[in-house]
Amino acid sequence: KVEELIPRATEYAHHFIERFANVVAEETYEQLITVPQRKRILRSDFLLVRYPGDTLWQAFRDVAEVDGKAVRDREDRMMKLFLQPSSSALRRAAEIAGASARHNLTDIGTLNNPLLVLAFLQRGYVERFRFNLAGLDKKLGPDVRTVRFVEFQQPTLLKWNAITDMSSRGLIWIEEGTGRVVKTQLQVGGSVYPIRITTEYALDEDLGINVPTVMEDWYPKGTGEFRGRATYGKFRGFEIKTEETFRP
């Protein structure tokens, strides 16, 4: 029943945040525009940051290389981020995310976040959505259930250019026994050619959670399209000491 599965997934989402907060992953993000054809490879740190005792968190990427060339303005900004009080640091994290978004091949904002759908399952957000059970997907596991979701409340959680409402819908693949999320697909925008962001997860034994392994995103772009594929690895924790320093 959806009334049992979604609360189980919500509990898992909060467990994920507890375990994944203050973990950094290396991201390799290949981007392609088809018309005119252009390619780019971004190498970044991808982080979910939360301060000790704070309920607020921020997921963002910090681009380190663009097509093999180091990003010049990156030095010391991570150190400054973790030496600030959490309120200003979260704002600073958003600024870093915005600065990193400027390295994308085209203006896709900061929608390309592999954890967005998982974030929707949190208490405080989950009631904004309607969920419907679909079939089992045994390719992903013996008890993995496909769940359809659609956002029905306004103003919406996601905005285009921070102004225009963008209703979210899509699919979540959830282990029925554990509530563990194994795959997500977010769709926003038009019904004919919606933006799509798909994330696949796999178990990390050390963290005890499913971590993102692949994100694929697609955006209509004039007469062509934008396609991206990001892979994640080298997950490692870091320690925040707001009055001293931060150590990876």
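All of these numbers come straight from a predicted model, not from anything done at the bench.
Both Ile33 and Ile108 sit in one connected hydrophobic cluster of ILVMFWY residues. Membership requires side-chain heavy atoms under 4.5 Å apart, directly or through other members. Both Ile197 and Leu105 are members of a single hydrophobic cluster when ILVMFWY side chains are connected at heavy-atom separations under 4.5 Å. Under the 4.5 Å side-chain heavy-atom criterion for grouping Ile, Leu, Val, Met, Phe, Trp and Tyr, Val126 is connected to Ile17 within one hydrophobic cluster. When hydrophobic clusters are built by joining Ile, Leu, Val, Met, Phe, Trp and Tyr residues whose side-chain heavy atoms come closer than 4.5 Å, directly or via intermediates, Leu171 is not grouped with Tyr12. Taken together through direct or relayed side-chain contacts under 4.5 Å among Ile, Leu, Val, Met, Phe, Trp and Tyr, Val63 and Leu32 form parts of separate hydrophobic clusters.
Side-chain atoms of Arg130 and Gln153, non-hydrogen and from C-beta on, never get closer than 4.5 Å to each other. With contacts defined as side-chain heavy-atom distances shorter than 4.5 Å, the pair Asp165/Lys159 qualifies. Two residues are said to be in side-chain contact when any heavy atoms from C-beta on lie closer than 4.5 Å; Leu121 and Ile172 meet this criterion. A 4.5 Å side-chain heavy-atom check between Leu136 and Glu176 finds at least one atom pair inside the cut-off. You'll find the side chain of Met166 reaches within 4.5 Å of the side chain of Ile195, heavy atoms only. Taking the side chain as every heavy atom from C-beta outward, Leu116 and Leu158 approach each other to under 4.5 Å. You'll find the side chain of Arg169 reaches within 4.5 Å of the side chain of Pro194, heavy atoms only.
We find the CE-OG1 distance between Met215 and Thr198 to be 10.0 Å, quoted to the nearest 0.5 Å. Between the NE2 atom of His14 and the CG atom of Leu118 there is a distance of 9.5 Å, given to the nearest 0.5 Å. Taking OG1 of Thr199 as the start and CG of Leu186 as the end, the distance is 8.5 Å to the nearest 0.5 Å. One distance of note links CG of Leu5 with CZ of Arg145; it measures 8.0 Å at 0.5 Å rounding. Note: Ile96 CD1 to Phe60 CZ = 5.0 Å, rounded to the nearest 0.5 Å. In this structure, CZ in Arg43 is found 15.5 Å from CG in Asp62, a value given to the nearest 0.5 Å.
Within the structure, ring pair (Phe, Tyr, Trp, His ring centres under 6.0 Å) pairs that include any residue of residues 130-158 comprise Phe129-Phe149 (at least two apart or interchain). Residue pairs satisfying the side chain to side chain donor-acceptor pair (under 3.5 Å) criterion with at least one member in residues 31-42, sequence neighbours excluded, are listed as follows: Gln31-Asn104. Residue pairs meeting the side chain to side chain donor-acceptor pair (under 3.5 Å) criterion with at least one partner in residues 107-118, sequence neighbours excluded, are Tyr29-Asn112, Arg61-Asn112. Sorted by first then second residue, the ring pair (Phe, Tyr, Trp, His ring centres under 6.0 Å) pairs that include residues 163-205, not counting sequence neighbours, number zero. Under the ring pair (Phe, Tyr, Trp, His ring centres under 6.0 Å) criterion, the residue pairs touching residues 202-234 are Phe46-Tyr232, Tyr219-Phe226, with sequence neighbours excluded.
Under the salt bridge (charged side-chain N to carboxylate O under 4.0 Å, His left out) criterion, Arg8 pairs with no residue at all, not counting sequence neighbours. Listed by chain and residue number, Glu216 satisfy the salt bridge (charged side-chain N to carboxylate O under 4.0 Å, His left out) test with Arg229 (two or more places apart in sequence, or in another chain). A search for salt bridge (charged side-chain N to carboxylate O under 4.0 Å, His left out) contacts involving Arg180 returns Glu175, not counting sequence neighbours. Among residues two or more places apart in sequence or in another chain, the side-chain contact (heavy atoms from CB on, under 4.5 Å) test is passed with Lys234 by Glu26, Arg236. Annotation: salt bridge (charged side-chain N to carboxylate O under 4.0 Å, His left out) contacts of Glu18 (sequence neighbours excluded): Arg50. Every residue two or more places apart in sequence or in another chain that forms a side-chain contact (heavy atoms from CB on, under 4.5 Å) with Lys1 is listed here: Glu3, Glu4.
In this structure, Arg148 places its CZ atom where only 12 or fewer heavy-atom neighbours from other residues, nucleotides or ligands lie under 6.0 Å away. Within a 6.0 Å sphere centred on CD of Glu127, other residues, nucleotides and ligands contribute 12 heavy atoms or fewer.
Counting all heavy atoms, side chain and backbone alike, Ser167 lies closest to Thr156 at OG-CG2, 3.6 Å. Of all the heavy atoms in Val188 and Ser168, the pair that sits closest is CG1-OG, 3.7 Å.
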Under the criterion side chain to side chain contact (heavy atoms under 4.5 Å, CB included), I'd like the reasoning laid out for Phe16 against Leu115: C-alpha separation, chi angles, the key distance, then a yes or no. CA-CA 10 Å; Phe16 174 91; Leu115 306 181; 3.9 Å; yes

Stepwise side chain to side chain contact (heavy atoms under 4.5 Å, CB included) check, Arg123 with Glu11: CA-CA 9 Å; Arg123 289 183 290 272; Glu11 289 301 318; 2.9 Å; yes

After noting the C-alpha distance and the side-chain angles of Lys139 and Asp137, does the key distance pass the salt bridge (Lys or Arg N to Asp or Glu O under 4.0 Å) rule? CA-CA 5 Å; Lys139 298 189 300 296; Asp137 191 338; 3.2 Å; yes

Which is it for Asn132 and Val2 under the side chain to side chain contact (heavy atoms under 4.5 Å, CB included) test, yes or no, and what are the steps along the way? CA-CA 7 Å; Asn132 293 289; Val2 70; over 6 Å; no

Side chains of residues 205-213: which donor-acceptor pairs under 3.5 Å do they make with residues two or more places apart or in other chains?
| unit_1 | atom_1 | unit_2 | atom_2 | d |
| --- | --- | --- | --- | --- |
| Asn210 | OD1 | Leu203 | N | 3.4 |
| Asn210 | ND2 | Val181 | O | 3.2 |
| Thr213 | OG1 | Glu200 | O | 3.1 |

